[in-house]
Amino acid sequence: MSGSKDYRIVGKVTPRVDGEKLARGKGAFSDDIEFRELLHAKVLRSPHPHARILSIDTSNAKALRGVHAVLTHEDLPRVPHTTAGQGWPEPSPYDAFVLDNKVRFVGDRVAAVAAETPGIAAKACSLIDVDYETLEAVFDPEKASKPGAIVIHDEEDSSGIYDKSSNIASHLEASFGDVEKAFKDAYKIFEKHYEVGYVQQSSIEPHICITWLDEDERLVIRSSTQVPFHVRRIVANVLQLPVKKIRVIKPRVGGGFGGKQEILNEELCGALTLATGKAVRFWMTREEELYASRTRHPQKLFFKTAVSEDGKILAMDVRVIENTGAYGTHALTVMTVTGNKIFSMYNIPNIKFSGEAVYTNLPVAGAFRGYGTPQGIFALESHIDEIADELGIDQIEFRLKNIYHEGDRIPITGEMAEGEGSDAQLIRSSGLEECIKRGAKAIGWGISREPTAAGRSRGIGIAINTQGSGIPNVDMAACSIKMNEDGSFNLLCGATDIGTGSDTALAQIAAEALSIPVDNILVYSSDTDMTPFDTGAYASSTTYISGAAVLDAAKKVKSQIMDVAGEMLEVEKEHLVCSDSKVSTQEGKIVTYEQICLYSLYQHNQFQIMAVGNNVSPESPPPYSAVFADVEVDDDTGQIRLLKLVAAVDCGVAINPQMAEGQVEGAITQGMGYALSEFMPFDKNGNPLFKSFRDYNIFRSSDMPEIEVILVETYEPTGPYGAKAVAEVPISGPAPAIANAVSNAVRARVRSLPITPEKIWKILKNK
Amino acid sequence: MRNISVFVNDKKIRTEVPISQTLLDFLRSNGITSVKRGCESGECGACAVLIDDEPRASCITLTLQADGKEIKTVEALSTRQDLSELQKRFIEVGAIQCGYCTPALLLLAGHYLNTAVSPLEKDLREAISGVLCRCTGYVKPVEAIKKEIRLD
Ligand code: FES
Ligand code: FES
């Protein structure tokens, strides 16, 4: 097998299985169902960055007509946990409580209300009287980890924190080779540091969940989540219910991008349902989304790199200080991915990585598409550009001289891994060089182009990067496939389509394996009562991990079909061929899938043709991306115009090339926001200054530059039909590619994000 | 409470509504699920509707302001049997990802196609710029709309 050309459905454009209902605006999302006597939840949030709650008086709130419940930390069991929707046991510290007697950032939860209308609930929140003892607050991770800094997690019962007294949530170190010696022998050493700030996932559908008790008094949670099974497990733990008492339904999700890989509202909403016995709806407002949900981890990255005279990178030492905000959700694993991906690009014999994730009294960072990679790659790819510049080597040539190739192993992946770890990843497929070549051609690398007006300078830049395909030996997926008597099949999967199109990609895989058209697969994802387990939609795992589980189930089902067909046709199954929803003998005798299923359900040796598929992967093959930017900068004002962005991506065999392109287009657009327009400022008391899309600028259709996406096909032997992941890898390239293009245009090196005209102007002015 | 009468997708609705109710809440509570709630402050466009053929954010419009007017939502684009050409195009070119912004994009794109004086991509992009999409980078939605531009 060598690629998509060998397949009937895989690698072909297939319209989404859910396209029509979405185009019609049907009620497919969490908030689209109606309830009798639905209550609305609101949360009272802290106005202080750091305070102890001395007392809370809820009597006035409770007395308000239409209020059904007011909950404070006094009403709930105190269970330390993490809100990170990760596999068990979660690698994030247990430092969060549903409600606590302390608040740690502006926006932290103080109390929750369930009332008959959102308006009454909001009014009730304003009637809650809280007596705070305000505490000193710390906003800079470097200051927070200095001796004498105020301790943010001083509670006794949190656990898994690396060093509470220094506000260090997690710590990480890895190295191999002899870095010190390499620095001694080096031709040149480069030392620079880079900085990236807060940005927010901003799915257009905010977090929403509705909880109720069903007729068996089980708690049902209908939630816009990426991780239904983790929601069930974590909510059971914090509400102290058995898992069997909880059912989580994930309807259509209006975007996640990591923000919904979090148990953010479900536990509190569930607690309100348990308190009132009624259905409760918890809708996060856009303002809450922007400062009280989750963000990308800000980081400072310190690089020291040694090179030889002929342009080989001999050693690299990277130190990261990560701001995890008030809670350590995903703190360690994001930092792990930062290090992991920095050192997965270039074949460097001596490396050292150390990182500290530090608590501050700022919003909570969490999972966001790319998961530590955009931070690391902005720094790495800016740094690489600076070195090539200094050495006077062409940017592409310098990269090609140092990258990993097919057949290489990536040692860092064996050193820093989640769970029980894995072997150093062997690169079995890499289209990186081709991505670079084709991307360079598309952007016109080496061709000098005139600015579009006088007083401006034009430049181009490149950045390359990788990501993983699921978490090796951690991510697990299962699904079931069941045959119906018209030759259609139900595919029930725990894999969670959050808008990525995974329902379609998984249906294609099943349809390919079962020799049927895609519309004979009825996909359902996901419901913890109905669908087999899946760790969820994160870490670029769905196609690679869940896709292989679907392939496993489909192969088993096919084998059962062949058994029954053999019985019906009285032929050994080895002599049968299967195509186009039927099975035939060499002599041309045929039974259709319909006949096979009718036979097995109603006639002889009756049984349900059905199987469960499973998958865990010991490997996480790297997809690759090369991004090129063409920019123009005003020589006086530093104003930047992004003219064109090219993204060339190797995702193995794209199961659905059109959807893969869509993933790339969306990811690079978020990457451009990270580069140019998105940031979250705070005042000196930790108050967020941006609370709406008026201030927090994500790209609009009219802001877009010209975009060109190139899919470079490779065949990943360990992936289902040769596939690797695609959804995350393209997000990291735009920021460094744009920074490099700006430097190429006006010789101004911006080492922090976002890249703004002010920053460029300041550099130009000081030249 | 106030009495109003509006046409929603050509169906007349006469009812009593609270004075402060938004048109978004009114429509959603009348089973129009295609108008989505994204920000409730007029910035994301997910709740877009046409009022007397003009695009409006229903989250910052009071139901009372629509009294006597004609409201169109994406439900009006198709019949139970058939999707409109534009909807088919959206599906065909892969312009839908999570689908949360899709009804609003379709509505504004449809309005642009019906009223456009200019077929320039710049103007098309301007016409839908009130709707935020976090999934597609607008590439495929714009491609779909461009294919539906008829110059006659
Ligand atoms: S919900 Fe109306 S504009 Fe966002
Ligand atoms: S498709 Fe998800 S917001 Fe547009």
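Not measured: the values here are computed from a predicted model. Residue numbers start from 1 in every chain, and the chains themselves are labelled A, B, ... in the order their sequence lines are given, proteins ahead of strands.
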TODO: Grab the two heavy atoms, one from Glu34(A) and one from Ser29(B), that are nearest each other, plus how far apart they are.
DONE: OE2-O, 4.0 Å
Please look at [X] and chain A and tell me whether the side chain, the backbone, both or neither of the residue comes under 4.5 angstrom of a heavy atom of that chain.
X         : answer
Thr102(B) : side chain
Cys101(B) : neither
Ser20(B)  : neither

Who wins among [options] for the most heavy-atom pairs under 4.5 Å with chain A?
options                                 : result
Lys36(B), Lys88(B), Arg37(B), Lys122(B) : Arg37(B)
Arg80(B), Glu75(B), Glu40(B)            : Arg80(B)
Leu77(B), Leu106(B), Leu83(B)           : Leu83(B)
Glu121(B), Glu92(B), Arg28(B)           : Arg28(B)
Leu124(B), Leu132(B), Thr73(B)          : Leu132(B)

Of all of [options], which one pairs up most often with chain B through heavy atoms under 4.5 Å apart?
options                                   : answer
Gly673(A), Pro15(A), Gly27(A)             : Gly27(A)
Glu205(A), Gln663(A), Glu661(A)           : Glu205(A)
Arg252(A), Glu287(A), Met659(A), Lys21(A) : Arg252(A)

Contact class of [X] relative to chain B, heavy atoms under 4.5 angstrom:
X         : value
Thr669(A) : side chain
Asp31(A)  : both
Ile498(A) : backbone
Glu289(A) : neither
Arg24(A)  : both

Open item on the list: Quick check: Phe257(A) with Phe368(A) (ring centres under 6.0 Å apart)?
Closed with: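 For Phe368(A) and Phe257(A), the ring centres are not under 6.0 Å apart.
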Looking at [Y], is its backbone amide N or carbonyl O close enough to the side chain of [X] to form a donor-acceptor pair, meaning the two atoms are under 3.5 Å apart?
X         : Y         : answer
Asp32(A)  : Ala28(A)  : yes
Gln87(B)  : Ala23(A)  : yes
Asp503(A) : Val523(A) : no

TODO: For residues Thr500(A) and Asp497(A), determine if any side-chain heavy atom of one lies less than 4.5 Å from a side-chain heavy atom of the other.
DONE: yes
Task: Lys72(B) and its salt bridge (Lys or Arg N to Asp or Glu O under 4.0 Å) partner, picked from Asp52(B), Asp10(B), Asp53(B) - done: Asp10(B)
Open item on the list: Quick check on Glu37(A): does its CD atom have over 12 non-hydrogen neighbours (other residues, nucleotides or ligands) under 6.0 Å away?
Closed with: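 12 or below, so no.
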Open item on the list: Taking NZ in Lys26(A) as the centre, count heavy atoms belonging to other residues, nucleotides or ligands within less than 6.0 Å. Is the count above 12?
Closed with: no
Task: Cation-pi check, Arg125(B) onto Tyr138(B) ring (under 6.0 Å, within 45° of axis) - done: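 Cation-pi check for Arg125(B) and Tyr138(B): fails.
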